[in-house]
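A short worksheet on the structure shown next.
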Amino acid sequence: MSKSINRRNFMVTATTGAAILGSTLAGCGDASARPAEFKYGVASGDPLSNRVILWTHAKIADSTDPVGLTWQVASDSAFSSVVCSGRVDATEATAFTAKVDAFGLSAGTTYFYRFVDDAGVASTTGTTRTLPAVNAASVSFAVFSCSLYSEGFFNTYDAASKSDAQFAVHLGDYLYEYGADPKQFGNTDAVKLGRVIVPANDMVSLSDYRTRYALYRSDPSLQALHAKMPWITVWDDHEFANNAWVGGAENHNPATQGDWITRKNIAARVYHEWMPIRTPDAANLLKIYRSFDFGSLFSLHMLDTRIEGRDRQYDSYGDKDGGLTRYGTALASGTDASHRMISSAQQTWLTDGLSKSGAVWQFLGNQDIMAKMWFPASVLQVAATGGDPTQAVTDYLTAKATRAAAGPGALTPTQTALLNPAVNPRLPYNLDSWDGYPSNREAVLQTVKAQGKKLVALSGDSHNAWFSNLTTLAGDKVGVEFAGSSVTAPGFESAGLGGLASSMDGSAVAKVSGSGLGLIDDLNYSDSIRRGYLLMTVTAAAVKGDFVFVSTVKSTTYTTAVGKSVTVLASGAISYA
């Protein structure tokens with residue numbers, strides 16, 4: 001907890017004593033105090049128009065004594081003009097992490113900050129920024145997800161730190177719970193790259209989770225990006241365990257890993273220790289959904305679609321068909337109406353937030369793919385049985401292209417059947433995404449439609465890049481979705497499906513994005529090979545998303561390229577470059 005100075009002392013610090021404090025504090029501490037190490041850098045997060053969370057880790061070597069720290073926020077890198085300051089302790093109870101809520105700041109302003117221990121040793125200097133004033137003309141931010149340390153280097157973070165992004169948004173899987181077994185996901189090249197995970201086991205205990213966060217935060221590219229700009233984050237499943245839901249997870253075995261609720265609470269505790277997040281409810285660390293208003297341009301509603309209210313996935317019961325029969329039965333019987341991705345309380349909060357926001361755009365910061373990723377059953381059935389779906393893909397795309405070029409009268413009876421949903425239904429390929437909770441998604445989209453909001457969903461989790469229309473079950477378009485690729489975690493290419501993107505989005509047929517001629521009706525663009533991030537630029541007139549990719553994560557030498565730039569105008573028109 002921050003021990004902020006009182007109002008009288010604040011005024012003294014911020015006025016008559018600011019220049020003296022800023023120039024003399026570092027390096028002139030108590031001679032009797034033992035110096036601390038700031039091994040994991042600094043970070044800031046959850047910016048508002050007048051405040052921001054500041055974070056660091058400080059520990060005296062070979063000691064468990066508390067570390068007294070003075071934190072400073074200044075308008076210059078020399079700290080000759082300190083705007084606010086205060087005291088905080090890094091203690092063993094929080095693994096020697098320390099967080100403060102620095103207040104009294106001006107909107108849309110860049111600041112410098114640091115921590116100084118009682119011996120006069122200063123941390124790295126970080127830069128942060130408050131949310132813009134109402135009249136802001138433009139905001140840029142970078143979007144990340146799925147950062148698997150053992151899979152490769154964090155070149156994506158390095159590239160983003162060199163961009164013109166003002167803020168960072170991380171949509172989950174900031175780290176992964178898996179151990180160091182070479183057979184575990186993402187560990188194939190870990191030894192060769194010097195990226196072996198610690199602890200060696202799956203993280204389960206308090207010590208396990210803390211050790212894993214410390215490993216990730218030792219990465220220089222990650223430290224640099226944290227120090228460069230404020231982050232807004234939510235968790236996904238791997239901060240807990242793979243494919244988590246309220247009552248369990250695919251990668252949690254109660255017989256060997258203990259009680260799920262205990263593990264879940266430990267994971268949440270350590271997340272709040274190591275991430276620069278402002279806790280909405282100190283009495284409930286599992287509640288992290290919250291909103292941010294970027295002036296009058298957009299409101300960003302950060303959802304928790306994973307831990308707070310998610311019911312068990314249809315495909316987590318071990319059914320031979322991957323849960324599709326269970327899914328279909330629930331839809332046909334109407335029981336899916338109570339199958340939730342987010343709780344009723346969170347949905348009410350979102351509905352109210354959307355309604356009250358007067359911003360031009362409404363953004364959802366969301367862990368999982370929200371668009372309808374429905375494949376034709378003729379393709380999924382071949383793939384599910386281990387067969388080569390190439391011919392099934394070709395047949396379906398040919399039928400779709402023929403109908404578009406010459407009308408339904410030009411179709412053969414076989415082609416007509418392929419395009420008839422009653423004969424060849426469209427089925428979701430991933431029931432862990434919003435596709436596995438269609439009624440809950442429909443309720444959210446109908447709310448947006450009724451309110452007449454301009455909706456942009458930001459999504460992670462899939463390890464691939466997507467740009468899609470967001471449509472209701474009746475096919476009414478109510479928004480768009482930008483889903484970014486992963487920082488390092490492998491995508492479709494790791495399963496030999498890297499070349500599938502052009503068939504999914506239709507570019508293999510039409511040679512352009514947004515043709516609607518792909519396997520997935522609502523998908524306009526996809527990349528299923530490369531790793532990277534989204535660079536979003538928002539104005540009142542348009543939202544632009546650049547899909548930025550790095551050439552490799554297997555070497556620290558890399559190049560960057562923009563795979564596609566997608567611009568969505570306030571009118572609804574979309575252009576691609």
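None of these values were measured; they are calculated from a predicted model.
A side-chain donor-acceptor contact under 3.5 Å links S147 and Y157. Checked by atom type, the side-chain pair S75/S81 shows a donor-acceptor distance below 3.5 Å. A side-chain donor from one of D368 and T305 sits under 3.5 Å from a side-chain acceptor of the other.
One finds the CZ atom of R210 at 9.5 Å from the CD1 atom of I266 (value rounded to the nearest 0.5 Å). Atom-to-atom distance recorded for N187:CG and E151:CD is 8.5 Å, nearest 0.5 angstrom. Remark: L534 CG to K544 NZ distance equals 12.5 Å, nearest 0.5 Å. Between the OG1 atom of T233 and the CD1 atom of I288 there is a distance of 6.5 Å, given to the nearest 0.5 Å. Considering CG of D117 and OG of S123, their distance stands at 9.5 Å, rounded to 0.5 Å. The line from CG of L297 to OG of S138 is 7.0 Å long, rounded to the nearest 0.5 Å.
When side chains are defined from C-beta on, T128 does not count as touching M229, because their heavy atoms never get closer than 4.5 Å. Using a 4.5 Å cut-off on side-chain heavy atoms (C-beta onward), L350 and S291 make no contact. Contact check for T109 versus R129: no side-chain heavy atoms found under the 4.5 Å cut-off. Using a 4.5 Å cut-off on side-chain heavy atoms (C-beta onward), F482 and S468 make no contact. Looking at M302 and L171, their side chains come closer than 4.5 Å, going by heavy atoms from C-beta outward. Contact annotation: the side chain of V553 never approaches that of Y558 to less than 4.5 Å [non-hydrogen atoms, C-beta and beyond]. Counting only heavy atoms from C-beta outward, the side chains of Y271 and Y213 approach each other to under 4.5 Å. Residues E308 and Y289 meet the side-chain proximity criterion, which asks for heavy atoms closer than 4.5 Å.
At least one test fails for R263 against the ring of F240: distance under 6.0 Å to the centre or angle within 45° of the axis. In this structure, R290 forms no cation-pi arrangement with W349, as its terminal cationic atom is not both closer than 6.0 Å to the ring centre and no more than 45° off the ring axis. Judged by the 6.0 Å and 45° rule, R195 forms a cation-pi pair with F154. Remark: K59 qualifies as a cation-pi partner of F96 under the 6.0 Å distance and 45° angle criteria applied to the six-membered ring.
Across G68 and D89, no two heavy atoms sit closer than the pair CA-OD1, 3.4 Å. Closest heavy-atom contact between L286 and W235: O-CZ2, 3.6 Å. Listed here is the closest heavy atom pair of K228 and S161: NZ-O, 2.5 Å. Residues V538 and F363 share a closest heavy-atom pair of CG2-CZ, 3.8 Å. The nearest pair of heavy atoms linking S44 to L54 is CB-CD2, 4.0 Å. Across every non-hydrogen atom of V550 and A159, the tightest pair is CG1-CB, 4.3 Å.
Centroid-to-centroid, the aromatic rings of F38 and F115 stay 6.0 Å apart or farther. No close placement of the F79 and W71 rings is indicated, their centers lying 6.0 Å or farther apart.
Between W231 and Y174, the ring planes lie perpendicular to each other; the angle is over 60°, past the 30° to 60° tilted range. Relative orientation of the H463 and F185 rings is parallel, given thresholds of 30° and 60° on the angle between their planes. Taking the six-membered ring where tryptophan is involved, the planes of Y40 and H57 are perpendicular, since the angle between them exceeds 60° and thus also 30°. Between F294 and F298, the angle of the ring planes stays under 30°, which puts this pair in the parallel group of the 30/60° scheme.
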### Message
For a side-chain contact (heavy atoms from CB on, under 4.5 Å) check, start with the C-alpha distance between N251 and E177, then their side-chain angles and the critical distance, and finish with the verdict.
### Response
CA-CA 9 Å; N251 192 32; E177 84 279 14; 2.8 Å; yes

### Task
Apply the test side chain to side chain donor-acceptor pair (under 3.5 Å) to residues S486 and R531: give CA-CA distance (whole Å), side-chain angles for both, the deciding distance (0.1 Å), then the verdict.
CA-CA 5 Å; S486 64; R531 315 275 67 80; 2.7 Å; yes

### Message
Checking Y113 against T127 for the side chain to side chain donor-acceptor pair (under 3.5 Å) test, could you report, in this order, the C-alpha distance in whole Å, the side-chain angles of both residues, the deciding distance, and whether it holds?
### Response
CA-CA 6 Å; Y113 67 96; T127 56; over 6 Å; no

### Message
Between R114 and T125, does the side chain to side chain donor-acceptor pair (under 3.5 Å) criterion hold? Intermediate values first, please.
### Response
CA-CA 5 Å; R114 67 183 179 185; T125 295; 5.3 Å; no

### Task
Please report the C-alpha distance between V543 and V566 in whole Å, then the side-chain angles of each, then the deciding distance to 0.1 Å, and finally whether the side-chain contact (heavy atoms from CB on, under 4.5 Å) criterion is met.
CA-CA 8 Å; V543 170; V566 182; over 6 Å; no

### Query
Under the side-chain contact (heavy atoms from CB on, under 4.5 Å) criterion, do L364 and L455 qualify, and how do the steps go?
CA-CA 8 Å; L364 301 184; L455 177 67; 3.7 Å; yes

### Task
Take D189 and K554, measure what side-chain contact (heavy atoms from CB on, under 4.5 Å) needs, and give me the verdict at the end.
CA-CA 8 Å; D189 298 323; K554 302 300 183 180; 2.9 Å; yes

### Task
Could you walk me through whether R212 and D208 pass salt bridge (Lys or Arg N to Asp or Glu O under 4.0 Å), step by step?
CA-CA 6 Å; R212 189 67 56 83; D208 291 342; over 6 Å; no

### Task
Walk me through it: do T537 and S140 pass the test side chain to side chain donor-acceptor pair (under 3.5 Å)?
CA-CA 4 Å; T537 304; S140 61; 5.5 Å; no

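Judged by distance alone, with hydrogens and angles left aside, the side-chain atoms of R310 form no donor-acceptor pair with the main-chain N or O of M341 at under 3.5 Å. The main-chain N or O of R217 is found under 3.5 Å from a side-chain atom of Q223 such that the two form a donor-acceptor pair. Side chain of E481 to main chain of A371: a donor-acceptor pair is present (N/O by atom type, distance under 3.5 Å, no hydrogens or angles). Remark: side-chain polar atoms of Q367 are not paired, donor with acceptor, to backbone N or O of S459 under 3.5 angstrom. The backbone N or O of E273 sits less than 3.5 Å from a side-chain atom of T97, completing a donor-acceptor pair. Counting only distance, with no hydrogens or angles, the side chain of S343 and the backbone of Q346 share a donor-acceptor pair below 3.5 Å. Judged by distance alone, with hydrogens and angles left aside, the side-chain atoms of H272 form a donor-acceptor pair with the main-chain N or O of L285 at under 3.5 Å. At distances below 3.5 Å, at least one donor-acceptor pair connects side-chain atoms of K453 with backbone N or O atoms of S357. Judged by distance alone, the side chain of K99 and the main-chain N or O of I277 form a donor-acceptor pair under 3.5 Å. For the pair S150 (side chain) and V196 (backbone), a donor-acceptor distance under 3.5 Å is absent.
D173 and R306 are not joined by a salt bridge, as no carboxylate oxygen comes within less than 4.0 angstrom of a charged side-chain nitrogen. Salt bridge annotation for K564-D527: absent, with no cationic side-chain nitrogen under 4.0 angstrom from a carboxylate oxygen. Between K356 and D293 no salt bridge is recorded (no basic side-chain N to carboxylate O distance below 4.0 Å).
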